[in-house]
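Per chain, numbering begins at 1; letters A, B, ... match sequence-line order.
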Number of protein chains: 2
Amino acid sequence: MRFQKTTEYAIRVMVFLADHMDERYSANQLHQTLQIPYKYLGRLMQKLSNAGLVEVTQGKQGGYRIIQDLSNIYLSEIVNVVEGLADYGRCVLGFPQCSDENPCSLHKIWKERQESITKMIYDTTLADLQSNGSKKY
Amino acid sequence: MRFQKTTEYAIRVMVFLADHMDERYSANQLHQTLQIPYKYLGRLMQKLSNAGLVEVTQGKQGGYRIIQDLSNIYLSEIVNVVEGLADYGRCVLGFPQCSDENPCSLHKIWKERQESITKMIYDTTLADLQSNGSKKY
DNA sequence: TCTATATTCTACTCAGAGGTAGAAATAAGA
DNA sequence: TCTTATTTCTACCTCTGAGTAGAATATAGA
């Protein structure tokens, strides 16, 4: 029960770029700084740019940066780009129908926890993550 | 961020058998009752029996049942058989070292949630799940 | 002993995650 | 225009999760 590794990479990259708002970073620079496999990172950056989360410059001085307002970029958007958000709205045991009125065995102990996790990813912005002062990317 | 599908199967089977303590069920019966792929279920039952979570009878009237005290079988043991428990003690972004003193970007918003999930699987027994009266397996 | 039914074991397939490699396209600067 | 560095695109690989198929082994009951 974890984010996909690629999602971890994506979050780390976005937080790093959020902390360096005025700078453009090439995939190679990001690779070296964050220890993310270069070619794989390139593909990930394409996904993030296709989704509008980063601005990309092609060519000789190319690279990626964030231009959006950090408080408008939510964790859920990053998670969605990589793995989708289906896991956050589904029954923990996979039943198509599961509710307070028709619960699966784990519903009672899982419901609040799921809501808490879901709230975390939908409510947290890059601005929030920036403000915690972490320098670990 | 979900249990593996096989873990879902395992939990469902164990809860079903917990609710039918006096009966032995063959893999075929479980397959038909719970809509879990037959051959795959057989392999899962082997794992559960190798781990001591179910008692197995071979041969003509063979099958599986739980003989342990339900309040001694924890959700974590079931999760451990299938996917291991590594996810529950690690940094959400995968850093080898992540703590209150040296946190990753998500540490602050993830720590309590992780503890809550971890507590859920380590503290919940089949007896607890039985008592919620669910009949959805 | 034989038959039938069950578990156990082994091997295979496909899809997706994570990753590598190479070619093509883009753009700055000389 | 050419060179260089970058992004973009395409194809390949390995491993694991999920699942199927078949054979071997174990056991009850006739």
With a cut-off of less than 4.0 Å, is there a side-chain N or O of [X] near OP1 or OP2 of [N]?
{"X": "Thr6(B)", "N": "dA18(D)", "answer": "yes"}
{"X": "Gln4(B)", "N": "dA18(D)", "answer": "yes"}
{"X": "Gln61(A)", "N": "dT6(D)", "answer": "no"}

Rounded to the nearest Å, what distance is computed from the [atom1] atom of residue [X] to the [atom2] atom of nucleotide [N]?
{"X": "Tyr64(B)", "N": "dA26(D)", "atom1": "OH", "atom2": "C1'", "result": "12 Å"}
{"X": "Glu8(A)", "N": "dG19(C)", "atom1": "CD", "atom2": "C1'", "result": "15 Å"}
{"X": "Gln58(B)", "N": "dA6(C)", "atom1": "CD", "atom2": "P", "result": "13 Å"}
{"X": "Leu44(B)", "N": "dC9(C)", "atom1": "CG", "atom2": "P", "result": "15 Å"}
{"X": "Lys60(A)", "N": "dT6(D)", "atom1": "NZ", "atom2": "C1'", "result": "10 Å"}
{"X": "Asp87(A)", "N": "dA17(C)", "atom1": "CG", "atom2": "P", "result": "11 Å"}
{"X": "Tyr9(B)", "N": "dT20(D)", "atom1": "OH", "atom2": "P", "result": "8 Å"}
{"X": "Tyr25(B)", "N": "dA6(C)", "atom1": "OH", "atom2": "P", "result": "14 Å"}

_On DNA chain C, compare the nucleotides closest to Gly59(A) and Arg2(A); which residue's is nearer the 5' end?_
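Per heavy-atom nearest nucleotide, the more 5' residue is Arg2(A).
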
*How close do Val79(B) and Tyr88(B) get, heavy atom to heavy atom, and via which atoms?*
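Val79(B) and Tyr88(B) have their closest heavy atoms at CG1-CE1, 4.1 Å.
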
*Of all the choices, dG19(D), dT8(D), dG19(C), which nucleotide is nearest to the side chain of Lys5(B) once you look at every atom?*
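Of the options given, the side chain of Lys5(B) lies nearest dG19(D).
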
_Under a 3.5 Å cutoff, is there a donor and acceptor pairing between the side chains of Ser26(B) and Asn28(B)?_
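No, no side-chain donor-acceptor pair sits under 3.5 Å.
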
*Any chance the side chains of Arg12(A) and Ser105(B) put a donor and an acceptor closer than 3.5 Å?*
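No, no side-chain donor-acceptor contact under 3.5 Å.
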
_One thing to verify: whether Arg2(A) and Glu8(A) come together as a salt bridge, which I'm taking to mean a side-chain N less than 4.0 angstrom from a carboxylate O._
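The answer is yes: the pair qualifies as a salt bridge.
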
*Kindly indicate whether the side chain of Met45(B), heavy atoms from C-beta on, has any atom under 4.5 Å from the side chain of Tyr40(B).*
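A side-chain contact under 4.5 Å is absent here.
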
_Any heavy-atom pair between the side chains of Leu75(A) and Leu106(B) that's under 4.5 Å?_
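Counting from C-beta outward, Leu106(B) and Leu75(A) do come under 4.5 Å.
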
_Using a 4.0 Å cut-off on heavy atoms, which residues in residues 29-43 of chain A reach DNA chain C? List them by number, or say none._
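By residue number: Pro37(A), Lys39(A), Tyr40(A), Arg43(A).
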
_Taking any heavy-atom pair under 4.0 Å as a contact, classify Gln46(B): base, sugar-phosphate, or nothing._
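Base: the residue Gln46(B), judged by heavy atoms under 4.0 Å, touches a nucleobase.
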
*Tyr25(B) and Phe16(B) aromatic centres sub-6.0 Å*: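 That pair passes the under 6.0 Å test.
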
